[in-house]
Peer 1: 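Take this structure, written in structure tokens, and hold onto it; I'll ask about it next.
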Amino acid sequence: MVSRKLHRPLTVAGEGDHRFIWLGLDEADMEKGILANQYLVIHNGEAMLLDPGGYFVFQRVLQAVSEIVDPANVKGIFYSHQDPDVVGSLNLLLDFFPNAKIYVSALWSRFLPHLGAIANLDIVEIPDEGMNIDLGGVSLQAIPAHFLHSPGNFTLYDPETKVLFSGDIGAAVFPENEWYLFVEDFEKHLAYIEGFHKRYLCCKKALDAWLSRVRGLELEAVAPQHGAIFQGEKAGRFLDWLSKLGKIGVDLIY
Ligand SMILES: [Fe+2]
Ligand SMILES: [Fe+2]
């Protein structure tokens with residue numbers, strides 16, 4: 001039985017008018033599927049939600065965002081891909097964040113109405129090659145990460161804080177009764193991420209393509225949708241670990 005503990009939102013990087021914020025956690029969420037992180041990028045009073053999650057986390061996410069910014073100023077929702085732990089709360093989001101455009105791979109835009117969302121659905125299709133997304137004057141970069149794991153999949157780089165939101169890349173699955181937000185013991189943490197990366201990510205070729213895109217970025221942190229954040233030098237160590245992972249996904253299975 002997981003103890004019920006509510007963690008408050010926390011600024012991961014940035015200060016003042018521009019911040020990259022983790023939106024907290026209710027440990028009881030662990031009992032409702034895989035534990036997921038949600039983030040908010042705020043710039044000059046306008047905000048973008050990153051992978052806001054499924055039905056059960058929505059109330060906490062709404063509460064956290066409302067304490068930071070007027071929901072009317074949430075101008076965008078970025079979906080790294082189409083999984084239920086990413087898009088499951090879409091209907092609720094459209095009701096409470098009426099001015100948010102939905103940024104999602106062009107491969108997945110026509111699937112979203114199946115969540116029952118048609119009215120107010122303002123979709124911006126991200127093309128395969130990625131795009132820059134304007135948030136109040138700052139240009140966030142949607143970087144292709146196709147087949148890691150979804151065929152239409154993007155990570156998002158914030159050049160102001162130098163945080164790379166990595167979606168499912170970097171995901172950790174914690175053992176029962178263990179959780180932390182920032183990776184401290186890198187070697188120990190590998191045991192919690194290796195299984196996911198070898199089974200869910202498509203293949204070494206896809207991983208190498210993404211690594212070649214993000215290697216040149218200045219990185220303060222890599223922030224995944226599941227598990228813990230790689231801060232400082234651990235961001236580079238994580239990319240190094242990925243580059244040496246060898247065979248994954250279809251490389252192993254077929
Ligand atoms: Fe996923
Ligand atoms: Fe996920």
Side-chain angles (χ1 to χ4, degrees), residues 7 12 20 22-41 48-58 60-61 64 77-90 92-93 102-112 114-115 126 128 130 142-157 163-175 178-181 183 189 192-203 206-207 209-211 214 221-230 238 242 245 248-250 252-253:
H7 299 267
V12 174
F20 188 103
W22 173 76
L23 288 175
L25 172 73
D26 182 342
E27 288 192 13
D29 290 346
M30 291 185 192
E31 298 177 340
K32 299 168 187 165
I34 185 163
L35 187 63
N37 297 314
Q38 302 83 29
Y39 302 98
L40 188 82
V41 183
M48 177 166 297
L49 267 165
L50 315 184
D51 282 6
Y55 178 83
F56 285 119
V57 301
F58 179 77
R60 171 179 53 75
V61 169
I77 294 165
F78 173 81
Y79 285 149
S80 61
H81 63 299
Q82 83 296 350
D83 268 349
D85 58 321
V86 174
V87 305
S89 62
L90 176 63
L92 295 164
L93 290 162
I102 308 290
Y103 295 87
V104 67
S105 163
L107 267 64
W108 298 122
S109 60
R110 63 198 149 158
F111 289 75
L112 294 184
H114 284 274
L115 291 163
I126 308 175
D128 268 352
I143 297 171
H146 303 311
F147 300 102
L148 301 169
H149 62 92
S150 170
N153 197 68
F154 291 93
T155 53
L156 192 76
Y157 180 63
V163 176
L164 176 63
F165 170 63
S166 57
D168 278 341
I169 304 170
V173 181
F174 288 113
E178 180 150 23
W179 176 83
Y180 44 82
L181 183 58
V183 176
H189 192 66
Y192 303 156
I193 65 176
E194 184 168 4
F196 180 90
H197 289 73
K198 287 198 163 172
R199 183 62 180 89
Y200 281 80
L201 303 191
C202 167
C203 56
L207 191 52
W210 181 73
L211 284 169
V214 299
V222 173
Q225 194 220 353
H226 306 284
I229 296 169
F230 301 87
F238 171 59
L242 285 176
L245 198 50
I248 56 171
V250 295
L252 287 170
I253 288 178

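Numbering of ligands and ligand atoms starts at 1, following listing order.
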Peer 1: Determine, using ring centers only, whether H146 and W210 are less than 6.0 Å apart.
Peer 2: no
Peer 1: Specify whether F111 and H114 have parallel, tilted or perpendicular ring planes, treating 30° as the upper limit for parallel and 60° as the lower limit for perpendicular.
Peer 2: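 F111 vs H114 ring planes: tilted.
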Peer 1: Kindly give the atom name of the N, O or S atom of H226 closest to the Fe ion (ligand 2).
Peer 2: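 That would be atom NE2.
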Peer 1: With L252, which residues qualify under side chain to side chain contact (heavy atoms under 4.5 Å, CB included), at least two apart?
Peer 2: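 Testing L252 for side chain to side chain contact (heavy atoms under 4.5 Å, CB included), a comparison that skips the adjacent residues, returns K198, K247.
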Peer 1: Is any protein N, O or S atom closer than 2.8 Å to the Fe ion (ligand 1), and if so, which?
Peer 2: H81 NE2, D83 OD2, H149 NE2, D168 OD2
Peer 1: Classify the ring geometry of F230 against F238: parallel below 30°, tilted from 30° to 60°, perpendicular beyond 60°.
Peer 2: parallel
Peer 1: Show the atom names and distances, to 0.1 Å, of all donor-acceptor pairs under 3.5 Å that link a side chain in residues 51-58 to residues at least two apart or in another chain.
Peer 2:
| residue | atom | partner | partner atom | Å |
| --- | --- | --- | --- | --- |
| D51 | OD1 | S80 | N | 2.8 |
| D51 | OD1 | S80 | OG | 3.3 |
| D51 | OD2 | S80 | OG | 2.7 |

Peer 1: The criterion is side chain to side chain contact (heavy atoms under 4.5 Å, CB included); which residues satisfy it with C203, sequence neighbours excluded?
Peer 2: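 Expected list: K205, A206, V250, D251.
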